[in-house]
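Written below as structure tokens is the structure these notes are about.
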Amino acid sequence: MSGRLTGIGVGPGPAGYLPLAAIAALRSADLIYIPRARGAELSVALQCLEGVEFDRSRLCEIEFNMDPDRQVLQEHYARLGQQLSEQLRQGLQVVYLTIGDALTYSTYGYVLAAVRDLYPECDCVTLPGITSYAAAAAALEWPLGVGKERTLILPCPEDAATLQAEIESHDIVVLMKVGARLPWVLALLREMDIAQHCGFARRIGLDGEVLVSDLTTLDAAEASGYLAVLLIRKTAQAQRHRAPQASSKGNP
């Protein structure tokens with residue numbers, strides 16, 4: 001049997017956010033790579049698989065390198081790509097887990113590129129998963145777009161002026177990778193008088209979960225951290241089920 005690399009997004013959040021095809025791949029895998037952030041005791045990806053039955057003796061935990069130095073990251077992905085390529089050439093069925101959708105702002109994209117570069121003819125399959133913003137929208141009952149609304153998905157800019165321009169030119173902005181920028185982002189939303197239309201989610205379904213559908217009073221110090229997404233709506237959501245109020249013009 002030829003080797004195959006299968007990329008699987010798990011979670012984010014409650015156990016069970018996993019397609020049936022992913023469960024089948026987990027159970028037939030020879031090796032299952034689970035990334036763990038440096039400094040974290042547990043892999044969040046593994047936490048998202050709680051209750052799913054598969055052979056955990058096949059787990060291969062790797063410490064994920066978040067170093068901002070591009071040279072360090074290049075070496076990290078090169079080593080990982082080499083390791084995976086060798087295992088695939090041996091005919092192994094390899095699964096690589098990541099949080100959320102495997103190809104939406106995910107490090108799995110770098111892993112896949114490294115493997116393809118070293119082993120162009122390899123058999124690779126990526127199973128679609130649930131994005132962090134889709135999970136956040138569901139948890140908050142917050143529509144990501146209705147009618148002809150224009151939605152923008154982007155990593156948080158480095159300055160308030162750039163973010164404000166993006167908000168003003170779109171109906172909805174999904175803001176990812178907010179991190180330490182959260183205090184000034186919240187200040188901007190309040191200055192624009194739209195914080196009441198916005199939502200925030202962090203660690204959905206996990207310990208330390210934060211779900212807020214009105215950011216008027218959200219404390220940035222309590223909400224900051226990893227696995228967070230911010231949903232920005234420029235105006236209040238249209239209530240199309242309500243009949244428009246009659247105009248009072250001309251009434252005595």
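For clarity, every value in this text was computed on a predicted model and none was experimentally measured. Nothing fancy with the numbering, it's 1 onward along the sequence.
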| request: Drop me the distance from Q196's CD to S213's OG, to the nearest 0.5 angstrom. | output: 11.5 Å

| query | Would one find more than 12 heavy atoms of other residues, nucleotides or ligands at under 6.0 Å from atom CD of E121? | reply | yes

| query | Hey, is the main chain of L46 close enough, under 3.5 Å, to the side chain of R36 for a donor-acceptor pair? | reply | no

| field | Residue that, paired with L154, satisfies side-chain contact (heavy atoms from CB on, under 4.5 Å) out of M176, K177, E166 | value | E166

| query | Could you state the interatomic distance from OG1 (T216) to CD1 (I194), rounded to the nearest 0.5 Å? | reply | 10.5 Å

| task | Might you point out which heavy atoms bring T98 and S106 nearest each other, and give the distance in Å? | result | OG1-OG, 3.1 Å

| Member of I232, V185, V210, L186 meeting the side-chain contact (heavy atoms from CB on, under 4.5 Å) criterion with F200 | V210

| said: Determine whether K234 and M192 satisfy the following criterion, side-chain contact (heavy atoms from CB on, under 4.5 Å), listing intermediate values before the conclusion. | reply: CA-CA 9 Å; K234 186 168 58 177; M192 296 178 69; 5.8 Å; no

| What do the steps show when you test C122 against L5 for side-chain contact (heavy atoms from CB on, under 4.5 Å), and what is the final call? | CA-CA 8 Å; C122 69; L5 172 64; 5.9 Å; no

| Transitive ILVMFWY side-chain link L92 to L84, under 4.5 Å | yes

| request: Working to the nearest 0.5 Å, report the span between CG of L218 and CG of L215. | output: 5.5 Å

| request: Apply side-chain contact (heavy atoms from CB on, under 4.5 Å) to the pair Y105 and I153, showing each step before the final yes or no. | output: CA-CA 10 Å; Y105 288 108; I153 303 164; 4.0 Å; yes

| query | What distance separates L182 CG from E222 CD, expressed to the nearest 0.5 Å? | reply | 11.5 Å

| task | Provide the closest heavy-atom pair for S85 versus L118 in the form atom of the first, atom of the second, distance. | result | OG-CB, 3.5 Å

| query | Which heavy atom of P157 sits nearest a heavy atom of W184, and at what distance? | reply | O-CZ2, 3.4 Å

| field | Flag side-chain contact, heavy atom, 4.5 Å: C48 against Y17 | value | no

| query | In Å, rounded to the nearest 0.5 Å, how long is the span from CG of L127 to CG of L18? | reply | 8.5 Å

| message | Other residues, nucleotides and ligands only: do more than 12 of their heavy atoms fall within 6.0 Å of CD on E141? | response | no

| Shortest non-hydrogen contact from R58 toward A29 | NH1-O, 2.6 Å

| note | Here the pair of heavy atoms bringing C156 nearest to V178 is CB-CA, 3.9 Å

| said: Treating D101 as the side-chain partner and P128 as the backbone partner, does any N or O pair qualify as donor plus acceptor under 3.5 Å? | reply: no

| said: Treating R233 as the side-chain partner and G199 as the backbone partner, does any N or O pair qualify as donor plus acceptor under 3.5 Å? | reply: no

| message | Could you check whether E86 and Q82, counting side-chain N and O atoms only, form a donor-acceptor pair closer than 3.5 Å? | response | yes

| Heavy-atom check, side chain of F54 versus side chain of L49, under 4.5 Å | yes

| query | Is there side-chain contact between L152 and I172, with heavy atoms separated by less than 4.5 Å? | reply | no

| said: Checking side-chain polar atoms at under 3.5 Å, does T126 have a donor or acceptor matched by the opposite partner on Y108? | reply: yes

| request: Give a yes or no on whether the backbone of A160 and the side-chain of R181 come within a donor-acceptor separation of less than 3.5 Å. | output: no

| query | Does the side-chain contact (heavy atoms from CB on, under 4.5 Å) test come out yes or no for Q93 and S28, once each step is laid out? | reply | CA-CA 7 Å; Q93 305 298 300; S28 63; 5.5 Å; no

| message | Measuring only between side-chain heavy atoms, which start at C-beta, is L112 closer than 4.5 Å to C124? | response | yes

| note | d(L88 CG, Q83 CD) to nearest 0.5 Å is 10.5 Å

| request: Begin from the C-alpha positions of T131 and T104 and carry the test side chain to side chain donor-acceptor pair (under 3.5 Å) through to its verdict. | output: CA-CA 7 Å; T131 62; T104 304; over 6 Å; no

| message | Using side-chain heavy atoms (C-beta onward) and a distance below 4.5 Å, is V174 in contact with L231? | response | yes

| said: Quick check: closest heavy atoms across D214 and A195, and the distance to 0.1 Å? | reply: OD1-O, 3.8 Å

| query | Is any side-chain heavy atom of L26 closer than 4.5 Å to a side-chain heavy atom of L97? | reply | yes

| Is it true that a side-chain atom of S132 and a backbone atom of G100 form a donor plus acceptor pair closer than 3.5 Å? | no

| query | Do I62 and Y96 have side-chain heavy atoms sitting under 4.5 Å apart? | reply | yes

| query | Are R4 and V94 close enough that some pair of their side-chain heavy atoms sits under 4.5 Å apart? | reply | no

| query | Is there a donor-acceptor pair closer than 3.5 Å between any side-chain N or O of R203 and the backbone N or O of L227? | reply | no

| Cation-pi between R116 and Y119: NZ/CZ under 6.0 Å from ring centre and within 45° of the ring axis? | no

| task | For T6 and V95, indicate whether the former's side chain and the latter's backbone hold a donor-acceptor pair under 3.5 Å. | result | no

